[in-house]
Colleague: 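Just dropping this structure here.
Numbers for residues simply follow the sequence, beginning at 1. In what follows, every heavy atom counts, from backbone to side chain, and hydrogens, waters and symmetry copies are set aside.
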Amino acid sequence: RNPLHNEDTFGKLKHAVLSAVYSLKIKHVSKLMKKNADAIKSAALNNLDTDELQREWMQLDEIKQQLSSYLSIVVLK
């Protein structure tokens with residue numbers, strides 16, 4: 001029997017791959033959140049409306065939380 005056809009081995013492999021992919025996605029979302037936070041600060045300093053930027057930040061934060069939940073990572077606010 002081929003050990004790669006074992007359900008347990010496949011499950012572990014799938015989890016390892018998804019964990020790596022989700023970790024990369026979390027890093028990317030974190031970078032987007034940093035850029036967004038900088039844009040919010042800049043807009044606030046220039047007395048511009050920040051509502052849309054704040055909505056975008058909240059959406060990014062929700063995405064990060066969802067990705068993190070798969071990895072059992074607690075996201076601190």
Side-chain angles (χ1 to χ4, degrees):
R1 285 178 46 140
N2 185 337
L4 291 178
H5 287 97
N6 181 327
E7 286 288 324
D8 190 44
T9 303
F10 179 74
K12 288 179 183 178
L13 182 61
K14 180 179 176 184
H15 179 74
V17 170
L18 287 177
S19 293
V21 170
Y22 284 11
S23 292
L24 288 172
K25 287 184 178 200
I26 288 170
K27 285 182 182 180
H28 181 69
V29 170
S30 294
K31 287 179 185 178
L32 293 175
M33 289 177 76
K34 170 78 171 93
K35 286 181 183 178
N36 181 269
D38 291 345
I40 290 172
K41 288 178 191 172
S42 177
L45 288 173
N46 292 307
N47 295 322
L48 300 172
D49 186 16
T50 61
D51 289 351
E52 186 59 38
L53 289 169
Q54 289 177 356
R55 276 192 290 279
E56 182 181 328
W57 192 91
M58 290 185 339
Q59 290 172 338
L60 290 169
D61 188 51
E62 179 64 29
I63 291 167
K64 185 176 177 182
Q65 286 182 37
Q66 290 174 6
L67 291 169
S68 297
S69 69
Y70 179 81
L71 300 176
S72 300
I73 296 172
V74 176
V75 178
L76 301 176
K77 297 227 176 198

Colleague: Atom NZ in Lys41, atom CG in Asn36: separation rounded to 0.5 Å?
Modeller: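 Going from NZ on Lys41 over to CG on Asn36, the span is 11.0 Å.
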Colleague: Where is the tightest heavy-atom contact between Ser23 and Leu71, given as atom of each residue plus distance?
Modeller: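 Looking at all heavy atoms of both residues, the shortest contact is OG-CD1, 3.6 Å.
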Colleague: Hey, what do you get for CG (Asp49) to CD (Gln54), rounding to the nearest 0.5 Å?
Modeller: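 Rounded to the nearest 0.5 Å, the CG-CD separation comes out at 8.5 Å.
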Colleague: Ignoring hydrogens and angles, tell me if any N or O in the side chain of Asn46 forms a donor-acceptor pair with the backbone of Leu48 under 3.5 Å.
Modeller: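 Not confirmed, Asn46 side chain does not pair with Leu48 backbone.
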Colleague: Taking all heavy atoms of Ala43 and all of Thr50, pick out the closest pair and write down the distance.
Modeller: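 Closest pair (atom of Ala43, atom of Thr50, distance): CB-CG2, 3.7 Å.
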Colleague: If you compare all heavy atoms of Trp57 against all heavy atoms of Ile40, which two are closest, and at what distance to 0.1 Å?
Modeller: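 Closest pair (atom of Trp57, atom of Ile40, distance): CB-CD1, 4.2 Å.
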Colleague: Taking side-chain hydrogen bond (donor to acceptor under 3.5 Å, both in side chains) as the test, write out the residues that go with Lys34, two or more places apart.
Modeller: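 Expected list: Asp38.
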Colleague: Nearest 0.5 angstrom please: Ser68 OG to Ile63 CD1, how far?
Modeller: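 So the OG of Ser68 and the CD1 of Ile63 are separated by 11.5 Å.
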Colleague: Less than 6.0 Å separating the ring centroids of His15 and Tyr70?
Modeller: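 When the ring centroids of His15 and Tyr70 are compared, they turn out to be within the sub-6.0 Å range.
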Colleague: How long is the gap from CG on Leu60 to NZ on Lys31, to the nearest 0.5 Å?
Modeller: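 Spacing of CG (Leu60) from NZ (Lys31) equals 14.0 Å.
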Colleague: Check for me, please, whether Leu24 and Ile26 land in the same ILVMFWY cluster - side-chain distances under 4.5 Å, paths through other members count.
Modeller: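 Shared cluster, no.
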Colleague: Go through the structure and list residues passing side-chain hydrogen bond (donor to acceptor under 3.5 Å, both in side chains) with Ser42, not counting sequence neighbours.
Modeller: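 For Ser42, no residue satisfies side-chain hydrogen bond (donor to acceptor under 3.5 Å, both in side chains) once neighbours in sequence are set aside.
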Colleague: Could you state the interatomic distance from NZ (Lys27) to NZ (Lys64), rounded to the nearest 0.5 Å?
Modeller: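 It is 12.0 Å, given to the nearest 0.5 Å.
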Colleague: Hey, what do you get for CG (Leu18) to CG (Leu13), rounding to the nearest 0.5 Å?
Modeller: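 Nearest 0.5 Å value for the CG-CG distance: 9.5 Å.
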